[in-house]
Number of protein chains: 2
Amino acid sequence: MGEASRDRTITIYDIAEEAGVSPATVSRVLTGNAHVRREKRERVQELIARYHFVPNALAKGLSETSTKTLGVIAADVRNPFYASVFMACEQAAERLGYTVGLFNSLGKIENEEEQLERFRRQKADAIILLGGRVDDLVTNTVFAGHVRKICRSTPVVVTGKLDRTPCYSVRIDASAAMRQLMDHLFLHGHERIALVGGRLDVTSTYEKYQTYSSMLNARGIRESGDLVVSGGYDYQSGYEGMNRLFEQPVRPTAVVAINDFAATGILRSIFEHGLSVPADISVVSFDNTFLSELSIPKLTTTDYDYDYFGRMIAETAIAAAEGRNPAPETRIETTLIVRESSGSAPVL
Amino acid sequence: MGEASRDRTITIYDIAEEAGVSPATVSRVLTGNAHVRREKRERVQELIARYHFVPNALAKGLSETSTKTLGVIAADVRNPFYASVFMACEQAAERLGYTVGLFNSLGKIENEEEQLERFRRQKADAIILLGGRVDDLVTNTVFAGHVRKICRSTPVVVTGKLDRTPCYSVRIDASAAMRQLMDHLFLHGHERIALVGGRLDVTSTYEKYQTYSSMLNARGIRESGDLVVSGGYDYQSGYEGMNRLFEQPVRPTAVVAINDFAATGILRSIFEHGLSVPADISVVSFDNTFLSELSIPKLTTTDYDYDYFGRMIAETAIAAAEGRNPAPETRIETTLIVRESSGSAPVL
DNA sequence: CTCTAAGATGAAATCGGTTTCACAAATCAA
DNA sequence: TTGATTTGTGAAACCGATTTCATCTTAGAG
């Protein structure tokens with residue numbers, strides 16, 4: 001119903017006065033790290049309960065030097081992959097008594113830098129960078145420089161890799177994932193394999209391309225530049241990328257999408273060209289988000305243990321914040337999940 | 001790279017000392033709400049820049065009484081609808097100089113109550129409740145009671161409706177949305193219309209059911225309880241709900257899904273039964289998330305102006321926090337978007 | 001050339017906790 | 001019974017900003 005006059009906030013001083021003890025004693029009851037005579041302790045606890053008192057986290061954070069808060073910067077939570085990772089991360093942090101602030105950078109460097117500052121101001125105990133231009137190789141010098149500055153005051157965890165920057169990395173083994181997909185396709189007789197979506201200046205994407213390329217070479221398959229269409233990471237990118245492939249004289253028998261999101265666009269493009277998956281073209285992708293379950297046909301994709309992924313991110317961040325020394329680099333394993341979108345290469 | 005020894009944080013006292021002025025003067029330069037002799041001001045600014053100094057937000061929040069922070073509790077950001085709303089809300093808040101903390105309650109009341117406490121402790125200027133069991137009619141007494149308590153100290157904005165609770169409401173006009181879908185279906189000759197997904201104890205869902213029911217009655221169509229299958233709000237719920245409908249002797253010619261997410265499950269079920277959409281069955285849903293664009297066929301659904309929705313939520317929360325008196329209730333309009341999943345009723 | 005209002009600035013109080021320090025009281029060992 | 005611990009407690013300092021208050025300049029009006 002709108003406005004209500006707010007209650008006056010009560011403090012430990014109020015509690016102390018009414019309980020007839022000093023504020024210090026109330027604080028001792030609160031933190032529990034000192035002895036308080038039972039009788040007084042119970043009196044104080046009774047008052048805390050009665051007045052529904054909660055200690056002011058700002059004051060607490062100011063005197064201790066921890067806020068029990070993590071700052072997360074994601075490119076875009078609407079992307080199911082980030083949503084899943086964030087979710088897992090947030091739940092893990094919550095179990096460890098930490099709250100998280102979330103900011104969507106939309107992949108814009110200025111936004112990320114500004115938010116980095118803001119988290120620093122807010123005394124976040126650690127900052128987590130999910131994707132975005134974090135692992136950008138080209139702008140490495142620009143952005144990494146900024147991150148490097150932040151690292152000097154606050155621990156930073158990234159899901160990519162920043163060279164010459166003292167931050168922690170928890171990342172998926174993109175090469176291994178690509179290897180699993182390619183092996184799967186080779187096994188089904190595919191040789192004309194396309195790769196759609198992703199920017200080469202993002203480390204994970206770069207690693208995927210590297211692996212794709214070297215595996216084709218290893219099998220003596222001539223790599224055709226025409227089969228590689230880079231772009232973004234969403235539906236639109238997949239859709240446009242696949243349309244581009246259809247403009248070429250010979251079409252691929254299989255397409256590796258940079259992620260599930262792009263794969264859905266690829267499926268749409270193939271559908272609109274009157275072809276069917278996997279009979280005419282196989283489509284495989286990365287991430288095993290809920291999209292791979294709900295698209296028709298269901299997608300063959302690579303899965304990660306999201307709970308573990310999120311937990312490692314949160315635990316690394318928190319361990320660093322608390323001065324314990326977490327592993328500087330953690331790799332997340334990947335598993336191939338075969339569904340309906342991939343099958344034997346058609347005989348052309 | 002891992003651990004690095006952290007820089008000592010510098011404060012206005014450090015700046016003050018080096019500039020040869022008092023901390024008060026540095027503060028005045030920072031806030032800009034008092035005159036400082038140009039010469040000194042520039043000296044201070046120079047030092048602030050040189051040391052890359054940012055004022056401690058905790059200290060600031062403690063002395064002023066605003067933290068420029070909003071707390072958001074969502075059921076699950078992996079749900080594209082919440083992701084979109086959150087995103088819009090966060091961007092709007094950011095433009096107004098506010099940061100947001102996000103917590104996923106997974107729809108569990110205990111989680112919501114606990115987080116409500118935590119935001120109160122952290123002195124969030126306002127708390128925003130996106131969905132979840134917020135607008136729960138049945139447990140109203142339990143949960144609303146808790147919200148009511150929080151409202152006494154912090155403004156609360158909900159996207160549902162809580163009776164007898166002094167909080168602000170910014171919500172979608174669910175009845176209007178349902179009306180648009182039903183009119184669309186009636187226009188195409190549908191009469192045997194099913195409704196799948198959603199819990200009746202959530203206000204928006206309740207409103208949808210009410211409207212569905214009264215519109216059928218108004219047209220003199222006998223309402224069949226068999227055509228209403230409640231459940232959850234995700235893919236699985238839609239899938240199972242639709243399977244349930246298929247167990248019945250006569251199948252509907254059209255299905256209204258409680259949201260896009262559930263609609264994708266419905267599409268899958270229909271697909272598995274060897275039928276096609278919209279030739280055999282029309283499927284329509286709510287929310288126009290990116291799912292409605294990427295599913296095959298694309299979904300006919302109701303759209304809202306997400307930016308506006310998010311902006312109203314953020315602005316209402318902030319206005320309330322700053323003591324201005326925002327409208328207690330804001331309704332968001334809906335628009336019908338006709339895509340591929342709906343068509344004329346088949347002649348049976 | 002006064003007189004007054006505005007500008008400039010530091011000292012000190014405040015926000016709401018935690019923690020050190022000092023001292024008193026209770027417990028324990030010898 | 002006495003000295004050595006351990007327990008219990010309040011006063012006061014501290015965390016890092018903002019802001020009031022008082023004082024001192026300086027500028028502008030008449």
Side-chain angles (χ1 to χ4, degrees), chain A residues 6-45 47-48 51-69 118 120-125 153-154, chain B residues 6-45 47-48 51-69 118 120-125 153-154:
Chain A
R6 312 283 166 210
D7 282 357
R8 193 183 71 82
T9 17
I10 62 170
T11 70
I12 53 168
Y13 295 93
D14 302 319
I15 302 284
E17 184 169 356
E18 188 156 345
V21 299
S22 74
T25 299
V26 177
S27 176
R28 290 186 183 107
V29 172
L30 246 33
T31 61
N33 46 25
H35 303 262
V36 173
R37 189 176 300 283
R38 176 171 177 177
E39 171 201 0
K40 295 193 178 183
R41 178 168 15 101
E42 288 176 349
R43 195 161 2 126
V44 168
Q45 282 168 334
L47 287 169
I48 287 176
Y51 289 125
H52 195 51
F53 166 81
V54 290
N56 182 325
L58 297 176
K60 183 163 184 158
L62 191 56
S63 65
E64 297 175 332
T65 17
S66 154
T67 54
K68 298 284 186 183
T69 287
R118 212 175 288 188
R120 190 161 77 97
R121 213 194 301 275
Q122 293 177 351
K123 296 291 164 190
D125 290 346
S153 56
T154 310
Chain B
R6 311 282 165 215
D7 283 356
R8 193 182 73 80
T9 12
I10 61 169
T11 70
I12 54 167
Y13 296 94
D14 303 319
I15 302 284
E17 184 170 356
E18 188 155 345
V21 299
S22 75
T25 299
V26 177
S27 176
R28 287 192 259 260
V29 172
L30 246 33
T31 61
N33 46 24
H35 303 262
V36 173
R37 189 177 299 284
R38 177 172 176 173
E39 171 201 1
K40 295 193 178 181
R41 175 164 24 94
E42 288 175 348
R43 194 158 6 123
V44 168
Q45 282 167 334
L47 287 168
I48 287 176
Y51 291 125
H52 194 51
F53 165 81
V54 290
N56 182 326
L58 297 176
K60 183 162 183 160
L62 191 56
S63 64
E64 296 176 333
T65 18
S66 152
T67 54
K68 298 284 184 183
T69 287
R118 213 174 288 188
R120 190 161 77 97
R121 213 194 301 273
Q122 293 177 352
K123 297 289 164 192
D125 290 346
S153 55
T154 310

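Atoms CG (B:D14) and P (D:dG16) sit 8 Å apart, rounded to a whole Å. Going from atom CD1 of A:I12 over to atom P of D:dC15 covers 17 Å, rounded to whole Å. Protein atom CD of B:E64 is 17 Å distant from nucleotide atom P of D:dG16, rounded to whole Å. The interatomic distance linking B:L58 (CG) with D:dG16 (P) rounds to 10 Å, in whole Å. Whole-Å rounding puts the A:L62 CG to D:dC14 P distance at 14 Å. A straight line from CD of B:E17 to P of C:dA11 spans 12 Å, rounded to a whole angstrom. Between the P atom of C:dG17 and the NZ atom of A:K68 lies a distance of 17 Å, rounded to the nearest Å. Whole-Å rounding puts the B:R28 CZ to C:dA11 C1' distance at 11 Å.
When all heavy atoms are compared, the tightest approach of B:L58 to A:T67 is CD1-CG2, 3.4 Å. B:V44 and B:A19 get closest at one heavy-atom pair: CG2-CB, 4.1 Å. Closest approach of A:P23 and A:A16 over heavy atoms only: N-CB, 3.6 Å.
Put simply, CZ on B:F53 and CD on B:Q45 are 12.5 Å apart, with the number rounded to the nearest 0.5 Å. Distance check: A:T25 OG1 to A:K40 NZ gives 6.0 Å after rounding to the nearest 0.5 Å. The CZ atom of A:R28 sits 13.0 Å away from atom CZ of A:R37, with the distance rounded to the nearest 0.5 Å.
Here A:T65 pairs with nothing under the side chain to side chain contact (heavy atoms under 4.5 Å, CB included) rule; sequence neighbours left out.
Within 4.0 Å (heavy atoms only), A:V26 reaches no atom of the nucleic acid at all. Residue contacts for B:T65: at a heavy-atom cut-off of 4.0 Å it reaches no nucleic acid atom on any strand shown. Residue A:T11 is in sugar-phosphate contact alone, with no base atom involved, counting any heavy-atom pair closer than 4.0 Å across all strands shown.
Between B:S63 and the phosphate of C:dC15, there is no side-chain N or O to OP1/OP2 separation shorter than 4.0 Å.
Residues from residues 32-44 of chain A lying near DNA chain D, meaning a heavy-atom separation below 4.0 Å, are A:H35, A:V36, A:R37, A:K40 in numerical order.
A residue-by-residue look at B:G20 and B:K123 shows that B:G20 has its nearest nucleotide of DNA chain C further toward the 5' end.
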